[in-house]
Amino acid sequence: MERGANRVGDRAGGAPPAVRISFRLTGVLLLLGPLLGLAGGWLNFKWLGLIGGAAAIMWRIAREGGDRPETGLSPREPWTAGAALIAAGLLLSIVFSPVPGLGVWVALREWTLVGLAFFVARHRPTAAEIRFVLGCLIVAMVVQATLALLQFALPAGWRPLLPLHLQAAAGRARMIGTIGNPEYLATWIAAGGAAAWVWAAALWRSGGARQTGLTLARLAGGGLVIMTAIYLSGGRGALLSAGGAMLPALPLAWRGPVARREGGRSRGGLAIATAAGAGVMLAGLWALIPADERGGTLPARLAEAVDPHSPSIRHRIGLLVVTSRMIVENPVLGTGPGRFTAGFSDTLARSAAEEEGIGFWALSDALSGTYVGEAHSDALQWWAEYGLAPALGLSLMLAAALAGVAGRLRAGTEGERPDWERPVLLAAWACLAAFGISLATSFPLHGPVRAGGFWVMLGLVSGACCREEMRRNTKQVRRNEVRRREE
């Protein structure tokens, strides 16, 4: 699998430098992390594997010299300030929590993952290292999407042969991979689908002296497998994440250097034909799905999303209202790490008691009999549970990373890097952007596989931003030296 990950972004327009051991370990962690627990309960080692792997990677980065003060991020960087806000805010939230000891494990988990992103960024990953780690992540997502498609399509008698399955009669409930839930799986693989298609589009547009169609086929095919799994599992949030990330990334990819085919024609026509073919394939797939299983697919669930009377929409609105009230009641320190469920239940009970009757939109009706462990929005839950400082820190880190690399890509410095580097940076940006969008619509930071992908990509993109800044500063220094010599 590692070899396949390394071949996902095959060499084009120059040979990438070697990948350091720390980044190889990071790629392997993302590649094998989803397979660490094939069942629930005590047999699920995903969190343990993620935290242990993060600690090993940070140790290795320190051994390789990534902790030297003259390298990596400056303390004045907004990204560094965001990490400090998260660390300090979690500590304050624990100290003033009604049950301080309860949140220690939760805070340690968050500190470790923020530390992983910080160490990765300070180690200044090269484009080749970003390519390797992102390739591992995409391969892991394609494997899970393929497994989910098998869970959906295999006859009932064959399903017990899969590593993990549910005894569901039909539909999307079976499409869980080894993640355990179709929604969790869809929102996770959406980031890989967006990255794969943006990567393929940028390579297609730029073309490399040694670029082959096989690389594009791997990327486009992997993205198609992922998007097919999202289509069948009805991942509305996944569609929003992938679409929202590709919307700004694809124009950036198309603004790169143009490669033309023999005869002088550009590749835009073939891209349009490919997109049309994918649409026809999905329409045909809809026609082949049995009628009793169409209710869980993406078209049916999108129609449900515009129906205010659907139980799903009422549930989401109820989560939003109660979580917002929790923030209003304790906006600075939150309920304390690990106390979101208790705080939500208490706020819900008081809110329901204040309502008159049990109307259609009444919280006591919309959320009756429901165990709520997550707010379906990490952006809101971090504020409600950890307090204002960690929520601001998370937003600052994400915004600084995305804005930094996007600014470098828009600057048009293609001549300063090999042909294969710009597509890699664009794909990493799209992957992180998809994860960022899912923070508002889902809770990726509360699952080990999804959280690991987010924090690693945040570190990689932030490190790429730092490297681009270093490249620009070095270029300016050289210009100043030339100017002084001329004077």
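Atom set for the values below is all heavy atoms of this structure, side chains included, hydrogens, waters and symmetry mates excluded.
Using a distance-only test at 3.5 Å, with no hydrogens or angles considered, a donor-acceptor pair links the side chain of S233 to the main chain of I230. Distance alone, capped at 3.5 Å, places no donor-acceptor pair between the W429 side chain and the A249 backbone. Checked by atom type and distance alone, the side chain of T187 never pairs as donor or acceptor with a backbone atom of A238 at under 3.5 Å. Q144 places a side-chain N or O within donor-acceptor distance of the main-chain N or O of T178, the cut-off being under 3.5 Å. Under a 3.5 Å cut-off, the side chain of S93 and the backbone N or O of G89 do not form any donor-acceptor pair. Remark: the backbone N or O of R60 is not paired with any side-chain donor or acceptor of S22 at under 3.5 angstrom. In terms of modelled atom types and a separation under 3.5 Å, the side chain of W383 and the main chain of G334 share no donor-acceptor contact.
Judged purely by distance below 3.5 Å, without hydrogens or angles, the side chains of Y386 and E110 pair a donor atom with an acceptor atom. Checking E385 against T335 by side-chain atom types alone, no donor-acceptor pair falls below 3.5 Å. Looking at E183 and S442, their side chains never bring a donor and an acceptor atom within 3.5 Å of each other.
Within the 4.5 Å cutoff, side-chain heavy atoms of I138 are placed close to those of L134. Within the 4.5 Å cutoff, no side-chain heavy atoms of F132 are placed close to those of T26. Residues L432 and V405 are not in side-chain contact: their nearest non-hydrogen atoms beyond the backbone lie 4.5 Å or more apart. Contact annotation: the side chain of W105 approaches that of I51 to within less than 4.5 Å [non-hydrogen atoms, C-beta and beyond]. With contacts defined as side-chain heavy-atom distances shorter than 4.5 Å, the pair L137/W188 qualifies. For the pair I86 and W382, the minimum side-chain heavy-atom distance is below 4.5 Å. Contact annotation: the side chain of I57 never approaches that of F23 to less than 4.5 Å [non-hydrogen atoms, C-beta and beyond]. Residues H123 and E129 fail the side-chain proximity criterion, which asks for heavy atoms closer than 4.5 Å.
Applying side chain to side chain contact (heavy atoms under 4.5 Å, CB included) to M397 and the options L458, L85, T80 leaves one that passes, L458.
In the displayed structure, W455 atom CH2 is contacted under 6.0 Å by more than 12 heavy atoms of other residues, nucleotides or ligands. Within a 6.0 Å radius of CD1 in I21, no more than 12 heavy atoms belonging to other residues, nucleotides or ligands are found.
Taking the six-membered ring where the residue is Trp, H446 and F443 present perpendicular rings, their angle passing 60° and hence far from 30°.
Nearest heavy-atom pair across A451 and W47 is CB-CH2, 4.2 Å. The minimum heavy-atom distance linking G193 with I226 is given by the pair N-CD1, 3.6 Å. Here the shortest heavy-atom pairing between A430 and V198 reads CB-CG2, 3.8 Å.
Judged by the 6.0 Å and 45° rule, R450 forms a cation-pi pair with Y184.
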